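Everything on this sheet refers to the single structure shown next.
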Amino acid sequence: MEQTFAVIKPDAFAAGLAGQILARIYEAGFSVVGLKKIWLSEAQAGGFYHEHQDKPFFADLTGFMSSGPCLVMVLEAPKAILQWRELMGATDPAAAAAGTLRRDFGTFIGRNAVHGSDAVETAAFEINYFFAGLELL
Ligand code: IDP
Ligand code: MG
């Protein structure tokens, strides 16, 4: 089994899409081993997205991620990291395949509804950034 870190971002949460997205997560066979609603500060969002701190979109990204509550999750499945990336679709909703979450629920690249870890190392960092071990059940 493998674990990945996922977020229902503030755009999707504010639009009332959390229930539909969670249904798609369960239909795809993931176990939800961690789940909580949080509202990040801009600094906390910056720590989460530190790999992008030199990108031109960093301020927009951290401003958006701290603009309202989101749901953070730890998902478990045999190949959870790749499987969740596939269910999310491409970063840009306009380029995401039909049937993916970003295609169905994203608006544009800066408001793309969901996040997922991209590798084993980033999943470990992101899970530990948001969850204590006792919260993973
Ligand atoms: P990912 O979320 O698919 O892993 P990353 O390249 O890690 O994509 O970028 C992190 C987030 O930053 C994206 O989900 C998206 O919301 C935002 N982002 C990435 N590239 C751009 C861009 O060119 N303009 C605006 N926002 C971007
Ligand atoms: Mg990424």
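This structure is a prediction, so every number in the text was calculated from the model and none was measured. We count ligands from 1, going down the list as the structure has it; atoms in each ligand are counted the same way.
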Legend entry - contact_flag M65 ligand 1 heavy-atom lt 4.0 Å: no
Inset, instruction - State if K55 counts as touching ligand 1 under the rule of any non-hydrogen atom under 4.0 Å. - result: no
Legend entry - From Q53 atom CD to E51 atom CD, the distance as rounded to the nearest 0.5 Å: 10.0 Å
Inset, instruction - Measure the CE-NZ distance between M1 and K79 for me, rounded to the nearest 0.5 Å. - result: 12.5 Å
Inset, instruction - Decide yes or no for I25 and Q20: does some side-chain heavy atom of the first lie under 4.5 Å from some side-chain heavy atom of the second? - result: no
Legend entry - Protein heavy-atom partner closest to atom 3 (O) of ligand 1 - residue, atom, separation in Å: T91 OG1, 2.5 Å
Legend entry - For R85, atoms of ligand 1 separated by under 4.0 Å from a heavy atom: 1 (P), 3 (O), 4 (O)
Inset, instruction - Consider every N or O of H115 and every N or O of ligand 1, then say whether any pair is closer than 3.5 Å. - result: no
Legend entry - Proximal ligand 1 atoms for R102, defined as those under 4.0 Å from one of its heavy atoms: 1 (P), 2 (O), 3 (O), 14 (O)
Inset, instruction - Answer whether the closest heavy-atom distance between the side chains of S41 and S66 falls below 4.5 Å. - result: no
Legend entry - Validation row: T107, N112 side chains within 4.5 angstrom (heavy atoms): no
Legend entry - Closest approach of any protein heavy atom to atom 14 (O) of ligand 1, naming residue and atom: N112 ND2, 2.9 Å
Inset, instruction - Among all protein heavy atoms, pick the one closest to atom 15 (C) of ligand 1 and tell me residue, atom and distance. - result: I109 O, 3.1 Å
Inset, instruction - List the closest protein heavy-atom neighbour of atom 6 (O) of ligand 1: residue, atom name, distance to the nearest 0.1 Å. - result: H52 CE1, 3.7 Å
Inset, instruction - Before accepting this row, confirm whether a basic side-chain N of the pair D60/K55 lies closer than 4.0 Å to the acidic partner's carboxylate O. - result: no
Legend entry - K9-ligand 1 polar pair, N/O distance under 3.5 Å: yes
Legend entry - Hydrophobic cluster of Y129, others only, ordered by chain and residue number, side-chain cut-off 4.5 Å: F5, V7, V33, I38, L40, F48, Y49, F57, F58, L61, F64, M65, V72, V74, F125, I127, F130, F131, L136
Legend entry - ligand 1 contact by L61, heavy-atom criterion under 4.0 angstrom: yes
Legend entry - Salt bridge R24-D104, side-chain N to carboxylate O under 4.0 Å: yes
Legend entry - Minimum-distance protein heavy atom relative to atom 25 (C) of ligand 1: F57 CB, 3.6 Å
